[in-house]
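These numbers come from a predicted model, not from an experiment. In what follows, every chain begins at residue 1, and chains take the letters A, B, ... in the order their sequences are listed.
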Amino acid sequence: MKKYRTHTCGELTKSNKGQKVSLSGWINKKRDHGNLLFLDLRDNYGLTQCVIDKSNDIFKKIEKLSLETVIKISGLVIERDIETINKNISTGEIEIKINELDILGKTKELPMPVFSDQEYSEEIRLKYRFLDLRRKKIHENIILRSKVIAFIRNEMQKLGFLEFQTPILTSSSPEGARDFLVPSRLNPGKFYALPQAPQQFKQLIMISGFDKYFQIAPCFRDEDARADRSPGEFYQLDVEMSFVEQEDVFEVIETLFMKLFKNFSNKKIIHKKFPKITYEESMLKYGSDKPDLRNPLEIIDLTNIFERDDVKFDIFKKLVKNGSIVRSLVTKNTKDKPRSFFDGIDKWAKEQGSSGLAYFTFEKNDQISAKGPIGKFFSEMSLMEIIKQTNANIGDTIFLSCGKKSDVEKLLSVARNKIAEELNLIDKDSFSFCWVVDYPMYEIDEITKKIKFSHNPFSMPQGDINKIDLSNPLKLKAYQYDIVCNGIELSSGAIRNHIPELMYKLFEIAGYSKNDVNNQFSGMINALSYGAPPHGGIAPGIDRIVMLLAGEKNIREVTLFPMNQNAQDIMMNAPSEISEEQLKELNLSIKKKT
RNA sequence: GGGGGUGUAGCUCAGUUGGUUAGAGCACCUGCCUGUCACGCAGGGGGCCGAGGGUUCGAGUCCCUUCACUCCCGCCA
């Protein structure tokens with residue numbers, strides 16, 4: 001017989017009736033009736049009710065045990081009377097009549113309860129993460145994460161992909177996020193960088209002839225946190241394929257995601273074939289390159305309306321004359337919504353740092369008119385034109401934002417979500433995937449006004465490779481794509497540029513000389529010169545996939561040991577100071593704060 | 001770097017217009033209780049009201065500064 005247990009706490013049923021068993025686990029809950037005591041024992045697998053009465057000598061000892069003590073109990077499996085069966089747990093038909101007890105691990109008074117539905121502050125949860133992780137919901141999330149990763153590995157292998165590990169200590173690269181740096185002892189004054197993604201390595205794997213690669217890859221970026229973004233580290237399903245075009249990558253990912261989401265969730269997947277939306281269209285209709293397609297609202301440009309003489313709304317007209325744009329959102333049949341609803345939206349918009357959202361509702365008595373604070377500024381003809389352009393009906397409301405293009409996009413993008421939430425337009429029981437394609441190769445840096453890569457500098461520009469027109473770089477599109485689900489960006493990817501001469505030209509536009517490229521991407525550019533296959537890939541975020549499947553809004557709910565917003569691990573006390581010896585060995589000195 | 005929210009018992013929270021000795025539930029301790037499954041009942045211990053300064057006869061409450069956590073913006077090829 002095993003030392004600690006014959007069964008787990010989740011497996012005994014009435015078919016085990018009469019057996020002498022041993023269970024080990026945590027005391028989840030005690031119900032002490034004075035002469036009779038119930039004790040719920042918990043382990044990874046479930047709960048089992050154990051019972052003891054005062055006729056047993058160890059009754060007094062058990063009474064004194066506090067919750068979360070780890071014990072081993074032995075006793076007989078008893079079938080419960082029908083009226084005392086607990087249907088909520090798998091072992092609810094039976095209980096164990098305790099006759100032996102071993103205390104395996106004592107506990108101090110708990111800083112946070114384990115068995116409770118209450119919510120706790122992040123601080124206490126992260127500090128005592130090992131207690132937090134005993135709680136049901138997050139415990140199950142972490143198990144789900146394990147199963148999702150196992151499933152992905154299995155599917156990828158079935159699709160013919162090979163899993164490889166790439167270096168964790170690598171070189172810093174100039175593009176992209178801030179690097180985490182590691183000083184080199186053997187090379188004083190020099191630093192390794194932790195990979196932001198195995199980008200160059202996965203391309204090198206293709207050039208090495210392995211054809212199809214994947215990895216559950218840790219990625220490190222020293223950027224500020226968000227609810228859906230851990231500070232420090234996260235995991236990607238890193239994928240790269242040789243001799244492929246964009247569509248080949250899409251096919252693999254769609255196959256995998258359909259299976260994955262069907263297997264781990266009951267929510268419906270709205271599109272069997274994921275729709276493709278161009279970057280330009282997405283920015284116009286949704287104000288964002290990660291649209292939530294569960295949301296039926298779409299943004300429509302109405303700048304032209306404010307160039308008409310029969311529209312008297314001078315604030316917008318003046319702005320439009322100076323180059324501003326006007327875009328709108330239409331809500332269906334909202335004429336009976338109280339004034340407080342509309343003013344609430346406007347107030348909210350102002351809180352977002354904008355100048356607010358103007359609005360009016362279409363009415364019809366003798367003629368079409370607009371009701372609302374700015375309604376009087378519009379002639380009937382202009383209203384009819386708005387109705388034509390927006391497909392609105394009488395009774396619908398139109399919200400207007402005016403300003404600089406990027407500001408209008410940003411505001412209406414969040415307003416779209418806000419208004420849809422308020423009107424309950426989003427089907428929370430579904431997944432809506434889409435591809436965002438045709439990203440521009442370059443964009444203007446708003447601060448330096450210089451041309452820079454808008455995404456990945458290694459992407460292949462669209463068009464015939466041999467005669468790509470580089471004279472107007474801002475018009476150049478790349479084979480660069482994102483996959484989005486429910487407004488969450490899961491991944492971006494690209495067909496890579498495998499032609500060194502073309503790469504030099506593209507880098508030159510972004511201000512890198514041939515020498516810069518040779519120095520900063522030496523490994524890659526060198527390898528591309530020795531026979532590189534056309535290749536491309538993608539890297540979906542594992543944490544965000546699990547978040548979606550678990551129905552969580554915060555990435556820490558699916559991460560075992562996350563850091564807090566200031567990138568500290570308050571349980572392990574990281575980051576921490578290091579000794580003088582260590583500094584000396586690394587040739588470093590710390591500047592004292594002034 | 002900027003903006004919002006929060007901070008009161010081990011935990012989750014209440015605390016009126018500034019006014020007696022700062023409360024509740026859970027947890028902990030003591031007692032009672034043989035069918036509970038969020039067991040019940042009675043009692044008890046536990047507070048630098050995040051910190052510092054100010055206004056006031058009097059501050060958990062008002063003002064200023066500051067710290068921590070969190071959400072958002074910037075940032076995230």
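- At a cut-off of 3.5 angstrom, counting only N and O atoms as typed in the model, there is no donor on one side facing an acceptor on the other between the side-chain of A/Glu119 and the base of B/rU12.
- Salt bridge annotation for A/Asp343-A/Lys347: absent, with no cationic side-chain nitrogen under 4.0 angstrom from a carboxylate oxygen.
- Dashed line: the shortest gap from a side-chain N or O of A/Asn566 to OP1 or OP2 of B/rC69 is under 4.0 Å.
- The base of B/rC33 has none of its N or O atoms less than 3.5 Å from a complementary donor or acceptor on the side chain of A/Arg31.
- Of the side-chain N and O atoms in A/Arg226, one or more sit less than 4.0 angstrom from OP1 or OP2 of B/rC73.
- With A/Ser513 contributing its side chain and A/Asp516 its backbone, the two residues share a donor-acceptor pair below 3.5 Å.
- Between A/Tyr481 and A/Tyr439, the distance separating the two ring centers is not shorter than 6.0 angstrom.
- Note on A/Tyr120: only backbone sugar-phosphate atoms sit closer than 4.0 angstrom, heavy atoms only; bases stay farther off.
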Below 3.5 Å is the cut-off: list the nitrogen or oxygen pairs between protein and nucleotides 5-10 of chain B, distance only.
{"unit_1": "B/rG10", "atom_1": "O2'", "unit_2": "A/Pro111", "atom_2": "O", "d": "3.1"}

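- Within 6.0 Å of the NZ atom in A/Lys477, the count of heavy atoms belonging to other residues, nucleotides or ligands exceeds 12.
- Here A/Lys29 reaches the OP1 or OP2 of B/rA27: one of its side-chain N or O atoms lies under 4.0 Å away.
- Closest approach to the A/Asn564 side chain among B/rC37, B/rC69, B/rU34 is made by B/rC69 (side chain taken as heavy atoms from C-beta onward).
- In this structure, A/Lys108 does not reach the B/rA27 phosphate: none of its side-chain N or O atoms is under 4.0 Å from OP1 or OP2.
- When distances run from any side-chain atom of A/Asn35 to the nucleotides B/rU70, B/rC33, B/rG74, the shortest one goes to B/rC33.
- In this structure, the ring of A/Phe234 has its center no less than 6.0 angstrom from the ring center of A/Phe220.
- The pair A/Lys137-A/Glu552 meets the salt-bridge criterion, since a charged nitrogen lies less than 4.0 angstrom from a carboxylate oxygen.
- Between A/Asp32 and A/Gly176, it is A/Asp32 whose nearest contact on RNA chain B lies nearer the 5' terminus.
- Of the side-chain N and O atoms in A/Gln565, one or more sit less than 4.0 angstrom from OP1 or OP2 of B/rC71.
- For B/rA68, the paired base is B/rU6 (Watson-Crick or G-U wobble, both distances below 3.5 Å).
- Across all strands shown, A/Glu122 has heavy atoms under 4.0 Å from sugar-phosphate atoms exclusively, and none from any base.
- Between the base of B/rG74 and the side chain of A/Glu223 there is no donor-acceptor pair shorter than 3.5 Å.
- Taking atom CG on A/Asn86 and atom C1' on B/rC39, their separation rounds to 13 Å, with Å as the unit.
- Across the interface with RNA chain B, nearest-nucleotide mapping of A/Gln118 and A/Arg80 shows A/Gln118 to be the residue nearer the 5′ end.
- As rounded to the nearest Å, B/rU30 and B/rU36 have C1' atoms that lie 22 Å from one another.
- The side chain of A/Ser121 lies closest to B/rU12, out of B/rG74, B/rU12, B/rC72.
- Checking B/rC69, B/rU36, B/rG74 against the side-chain heavy atoms of A/Glu95 singles out B/rU36 as nearest.
- Taking a cutoff of 4.0 Å between a charged side-chain nitrogen and a carboxylate oxygen, A/Asp32 and A/Lys30 do not qualify as a salt bridge.
- The listed nucleotides are B/rC28, B/rC71, B/rC37; the one nearest the side chain of A/Thr84 is B/rC37.
- The shortest distance between the side-chain N/O atoms of A/Arg125 and the OP1/OP2 oxygens of B/rU70 is not below 4.0 Å.
- With hydrogens and angles ignored, no donor-acceptor pair closer than 3.5 Å exists between the side chain of A/Asp81 and the base of B/rG35.
- Between the side chains of A/Ser459 and A/Gln480, a donor-acceptor pair is found at a separation under 3.5 Å.
- A/Asn28 has no side-chain polar atom (N or O) that falls below the 4.0 Å cut-off from OP1 or OP2 of B/rA38.
- Residue-to-nucleotide contacts include a donor-acceptor pair under 3.5 Å from the side chain of A/Arg229 to the base of B/rC76.
- Side-chain nitrogen and oxygen atoms of A/Lys64 include at least one within less than 4.0 Å of the OP1 or OP2 phosphate oxygen of B/rU30.
- For A/His33 and B/rC39, the ring-to-base geometry satisfies the stacking test (centroid distance below 5.5 Å, interplanar angle below 30°).
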